[in-house]
Amino acid sequence: MSQRVKPRVSRGLRDLLPEEMMARQSMVDTIRRVYETYGFSPISTPAIEYLEVLTGSAAGEEAQHSIFTVSNPEEEALGLRFDLTVPLARVMAQHRALPRPFRRYQVAPVWRADKPDKGRYREFTQFDLDSVGTVSEIADTEIIAGMCDTLDALDVGGYRVRYSSRQILDAVLVFAGIPAQRSVDIFRVLDKLDKVGFEKVSKELTTGYQDKSGDVIRGLGLEHSQVARIGKFLDVRSEQRSEVVDQLRDLFAGIEGAEEAIRGVEKISRHLYALGYGDDKVTLDLSIARGLAYYTGPVFEANLEQAPQFGSVFGGGRYDGLVMRFLGERVPATGASIGVDRLLAALTHLGKIGGRTTATEVLVLNMDPSLEDDVLAMTFELRRAGIPTELYIGTAKNVGKQLKYADRTGVPLALLYGSNEKEQGIVTVKDLDAGRARSSQMESREEWIEERPGQQEIRRHDLVAEVRRILANVRANEA
RNA sequence: GCCGAGGUAGCUCAGCUGGUUAGAGCGCCUGCCUGUGGAGCAGGAAGUCGGCGGUUCGAACCCGCCCCUCGGUACCA
């Protein structure tokens with residue numbers, strides 16, 4: 001008496017079925033193509049890292065409680081990576097022969113043992129691109145340009161990349177008379193500005209407040225005069241980057257470190273203008289903070305204008321200190337990360353992607369056991385011509401069942417080849433989409449069988465050429 | 001973490017104040033149709049009623065604890 005095992009996965013984990021994987025792969029392929037035209041190279045790192053590699057960093061400290069720990073036979077302290085940036089820092093320190101600047105991309109799952117939420121899982125995929133070993137603003141510019149080109153290539157229909165810099169924020173602290181060591185907390189609160197508005201941010205910076213559910217949000221205890229200065233800074237807004245730079249220079253006149261910070265964001269803006277990334281795509285938005293502690297320079301993120309509810313789908317920044325703790329040497333780096341799951345959810349929501357559950361374009365029916373070698377030959381003929389083809393190898397013996405399978409999997413074309421066809425030297429091709437379209441207009445079964453919608457006969461001899469032609473037509477009709 | 005609502009078939013849900021063999025629609029399978037997907041008609045398979053414990057002659061229903069899901073809030077590298 002064996003107890004049956006309940007099929008299930010642990011909290012916050014999920015299976016990705018063909019429909020989602022097809023969409024995801026097509027999205028990832030598009031992104032990869034963009035990055036490769038920029039000359040970024042792929043790498044892969046283990047899912048499992050030494051716990052000390054993961055926990056030592058600024059990010060690690062914040063992350064420690066949400067690391068999945070793992071055991072091995074040697075009983076070493078191990079954990080699953082929670083992002084791709086910390087492993088990259090390790091790689092840079094460990095593989096000293098790598099050329100610098102080193103530009104890499106990596107698409108891989110990461111794990112965080114947080115409480116799952118809508119659209120937030122414990123295993124999710126990130127797509128990162130980074131340039132390591134250069135202080136040049138051109139590297140930051142390229143990351144921003146890459147974000148734009150990626151979103152253009154994905155045809156997201158309107159997006160905005162916004163950037164600022166940590167140096168600018170450091171200057172605000174000076175401007176408002178706030179000690180630098182409070183920066184992390186304050187930036188974390190400022191980062192919420194978009195979501196909750198200045199009112200709540202202001203409260204959280206000073207006295208704190210109690211939200212609707214009775215939850216207490218503790219304040220940071222700033223003076224009202226300090227918050228007022230922050231408010232003044234946040235009032236510096238314009239659709240035009242050059243305008244923001246000018247206003248900032250006025251406001252920060254005489255502030256220590258301000259001019260250098262301003263020159264940094266100005267340079268990036270100038271490069272972007274020169275490359276055709278205008279104010280319609282990239283904004284210098286001073287409210288961008290990014291919660292992450294390890295950023296040291298420019299920070300950026302991107303939102304979709306037609307799907308703002310999905311939040312920022314792309315984010316990043318410069319982190320010049322991350323490699324230091326492995327190498328004791330300052331290795332500057334800048335990069336960005338796409339939340340693959342979030343972006344995919346947004347694209348699906350916008351109807352930009354999805355639908356197919358298989359790459360198969362043609363299903364060859366297996367109607368007559370004595371013709372098995374013939375249909376098998378046809379199948380491989382099509383495959384060798386590069387047309388994704390499947391031969392029906394299930395148990396259903398009748399045509400109806402096999403067509404139903406074709407219908408369900410969403411294959412565009414079905415091939416029928418029985419004794420009738422063989423005698424005449426032909427193949428019957430069925431355009432299943434055409435049938436789907438006709439079906440709603442039909443009443444009786446007689447009519448349905450009589451018409452045989454979307455069906456035509458081709459010469460067996462011309463199989464590949466004809467199938468190719470019909471597929472091209474089908475695709476043209478879809479578009 | 002905090003507040004609230006839930007958990008009954010693959011999916012969506014019904015199940016009166018506790019009462020015998022727990023239901024519906026969709027989906028799935030089979031047949032009508034032995035070479036045509038849809039629609040239609042007929043039939044069929046499928047559930048430890050989230051888990052554990054308690055109250056009771058008797059629990060899907062009442063009580064306790066736990067787990068999970070959803071909504072809000074916090075966190076989000």
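Numbers restart at 1 for each chain; the letters A, B, ... are given by sequence-line order, proteins then strands.
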Checklist entry - Tell me: NZ of Lys401(A) to C1' of G37(B), nearest whole Å? => result 12 Å
Next on the checklist: Can a side-chain donor-acceptor contact be found between Arg160(A) and Thr283(A) if the only test is distance below 3.5 angstrom?
Outcome noted: yes
Checklist entry - Is there a Watson-Crick or G-U wobble partner for G44(B) with both distances under 3.5 Å, and which nucleotide is it? => result C28(B)
Next on the checklist: Between G18(B) and G72(B), how far apart are the two P atoms, rounded to whole Å?
Outcome noted: 35 Å
Item to check | Distance in Å, Leu365(A) CG paired with Glu390(A) CD, rounded so as to fall on 0.5 Å steps | outcome: 10.5 Å
Checklist entry - A24(B) and A9(B): how far apart are their P atoms, nearest whole angstrom? => result 14 Å
Checklist entry - Considering only the C1' atoms, how many Å lie between C33(B) and C70(B), rounded to the nearest integer? => result 45 Å
Checklist outcome for this item: note: Lys404(A), atom NZ; G35(B), atom P; distance rounded to Å ~ 17 Å
Checklist entry - Looking for any heavy atom pair under 4.0 Å, which part of the strands does Gly400(A) touch: base, sugar-phosphate only, or nothing? => result sugar-phosphate
Checklist entry - Within this structure, what is the CD-to-P distance between Gln402(A) and G35(B), rounded to whole angstrom? => result 11 Å
Checklist entry - Rounding to a whole Å, what distance do you find between Leu363(A):CG and U36(B):C1'? => result 13 Å
Item to check | C1'-based separation of C13(B) from G6(B) [nearest Å] | outcome: 13 Å
Next on the checklist: How many whole angstroms separate atom CZ of Arg438(A) from atom C1' of A39(B)?
Outcome noted: 13 Å
Next on the checklist: Between Arg325(A) and Glu52(A) (salt bridge meaning N to carboxylate O under 4.0 Å), is one present in this structure?
Outcome noted: no
Checklist entry - When rounded to the nearest 0.5 angstrom, what distance separates CG in Asn366(A) from CG in Leu415(A)? => result 12.5 Å
Item to check | Interatomic distance at P, U21(B) relative to C49(B), whole Å | outcome: 13 Å
Checklist entry - With sugar-phosphate meaning primed atoms plus P, OP1 and OP2, does Asn398(A) contact a base, only sugar-phosphate, or nothing at under 4.0 Å between heavy atoms? => result nothing
Checklist entry - If you measure from CG on Leu129(A) to OH on Tyr38(A), what distance do you get to the nearest 0.5 Å? => result 9.0 Å
Checklist entry - Are Asp462(A) and Arg469(A) close enough for a salt bridge, meaning some N to O gap below 4.0 Å? => result no
Item to check | Pairing partner of U20(B) (Watson-Crick or G-U wobble, both distances under 3.5 Å) | outcome: none
Next on the checklist: Only pairs with both distances under 3.5 Å count, Watson-Crick or wobble alike; so what is the partner of G37(B) in this structure?
Outcome noted: none
Checklist entry - Ion pair present between Lys404(A) and Asp407(A), side-chain N to carboxylate O less than 4.0 angstrom? => result no
Checklist outcome for this item: Applying the 3.5 Å cut-off to both distances, the Watson-Crick or G-U partner of C52(B) turns out to be G64(B)
Checklist outcome for this item: Atom CD of Glu451(A) and atom P of G38(B) are separated, to the nearest Å, by 16 Å
Checklist entry - Whole Å only: how far is the CZ atom of Arg408(A) from the C1' atom of C29(B)? => result 11 Å
Item to check | Stacking of Trp448(A) on G37(B) base (centres under 5.5 Å, planes under 30°) | outcome: no
Item to check | Pair assignment for C75(B), Watson-Crick or G-U wobble, requiring both distances under 3.5 Å | outcome: none
Checklist entry - Centre of Phe380(A)'s six-membered ring, under 6.0 Å away, within 45 degrees of the axis: is that where NZ or CZ of Arg383(A) sits? => result yes
Checklist entry - Expressed as a whole number of Å, how far does the C1' atom of A45(B) sit from that of G53(B)? => result 34 Å
Item to check | Minimum-distance nucleotide to Arg120(A) side chain [options: C68(B), A74(B), U36(B)] | outcome: A74(B)
Checklist entry - Using purine N1 to pyrimidine N3 plus N6-O4 or O6-N4 for Watson-Crick, or N1-O2 and O6-N3 for G-U wobble, both under 3.5 Å, which nucleotide pairs with A5(B)? => result U69(B)
Next on the checklist: So for Arg445(A) and C33(B), does any side-chain atom that can act as donor or acceptor lie under 3.5 Å from a complementary atom in the base?
Outcome noted: yes
Next on the checklist: Taking any heavy-atom pair under 4.0 Å as a contact, classify Thr85(A): base, sugar-phosphate, or nothing.
Outcome noted: nothing
Item to check | Separation between the P atoms of G51(B) and G7(B), rounded to whole Å | outcome: 13 Å
Item to check | Candidate nucleotides G38(B), G35(B), C76(B), ranked by approach to the side chain of Asp407(A) - the nearest | outcome: G38(B)
Item to check | Inter-nucleotide P distance (U17(B), A74(B)), Å rounded | outcome: 38 Å
Checklist entry - Given that both distances must come in under 3.5 Å, which nucleotide forms a Watson-Crick or G-U wobble pair with G58(B)? => result none
Checklist entry - When all nucleic acid strands are considered with a 4.0 Å heavy-atom cut-off, which category describes Leu416(A): base, sugar-phosphate, or nothing? => result base
Next on the checklist: What's the closest nucleotide to the side chain of Glu421(A) if the choices are C68(B), G35(B), U36(B)?
Outcome noted: G35(B)
Item to check | Pairwise 5' ranking along RNA chain B for Arg436(A) and Lys115(A), keeping only the more 5' one | outcome: Lys115(A)
Next on the checklist: Distance criterion of 3.5 Å, no angle test: do you see the side chain of Lys430(A) paired donor-to-acceptor with the base of U36(B)?
Outcome noted: yes
Checklist entry - What integer distance in Å separates Tyr405(A):OH from U36(B):C1'? => result 18 Å
